[in-house]
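All residue numbers in this chain count up from 1 along the given sequence.
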Amino acid sequence: MDKEVKVTWVDSSSFGGAWMDKDEIKNTPMKYCQTLGFLIYEDDNIINVAQSISEENVMNILLIPKVCIKSICDTQDSKVSPCVKSQSL
């Protein structure tokens, strides 16, 4: 069965169609997100996390670029430090 994980990642942001002062944009904080799900695929650049899985199927997949990931925590393994920081990815 696929590993259950909690992923903390930084989301991209966009700003509405209104004119904004450049200094106002500089003070905009990054948006940190957390995703809970099943790690179903990983390569050098991305991970795929599924909301739901069965033996043959997956549902509601989120593709997260690894450059956006701050940590991946194994929610099932309490024997070791569960979080892998982005420097190790």
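Contact record, G37 with V49: CA-CG1, 3.6 Å, taken as the closest heavy-atom pair. Across all their heavy atoms, D2 and F38 have their closest contact at O-CD2, 3.8 Å. The two atoms that bring D21 and D23 nearest to each other are OD2-N, 2.8 Å, heavy atoms only. Of all heavy-atom pairs spanning I72 and I47, the tightest one is CD1-CD1, 4.2 Å.
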Does the side-chain contact (heavy atoms from CB on, under 4.5 Å) test come out yes or no for L36 and K6, once each step is laid out?
-> CA-CA 5 Å; L36 295 171; K6 177 175 81 171; 3.4 Å; yes

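L62 and L39 fall within the same hydrophobic cluster, where Ile, Leu, Val, Met, Phe, Trp and Tyr residues are linked whenever their side-chain heavy atoms come under 4.5 Å apart, directly or through other members.
When side chains are defined from C-beta on, Y41 counts as touching I46, because their heavy atoms get closer than 4.5 Å.
Between the side chain of K3 and the main chain of Q76, no donor-acceptor pair closer than 3.5 Å is present. A side-chain donor-acceptor contact under 3.5 Å links T75 to the backbone of E4.
Distance check: N45 CG to K66 NZ gives 8.0 Å after rounding to the nearest 0.5 Å. S52 contributes atom OG, which lies 9.0 Å from atom CD1 of I61 (distance to the nearest 0.5 angstrom).
Counting non-hydrogen atoms of other residues, nucleotides and ligands closer than 6.0 Å to CE of M20 gives a total above 12.
Residue M30 shares its hydrophobic cluster (ILVMFWY side chains chained together at separations under 4.5 Å) with V10, Y32.
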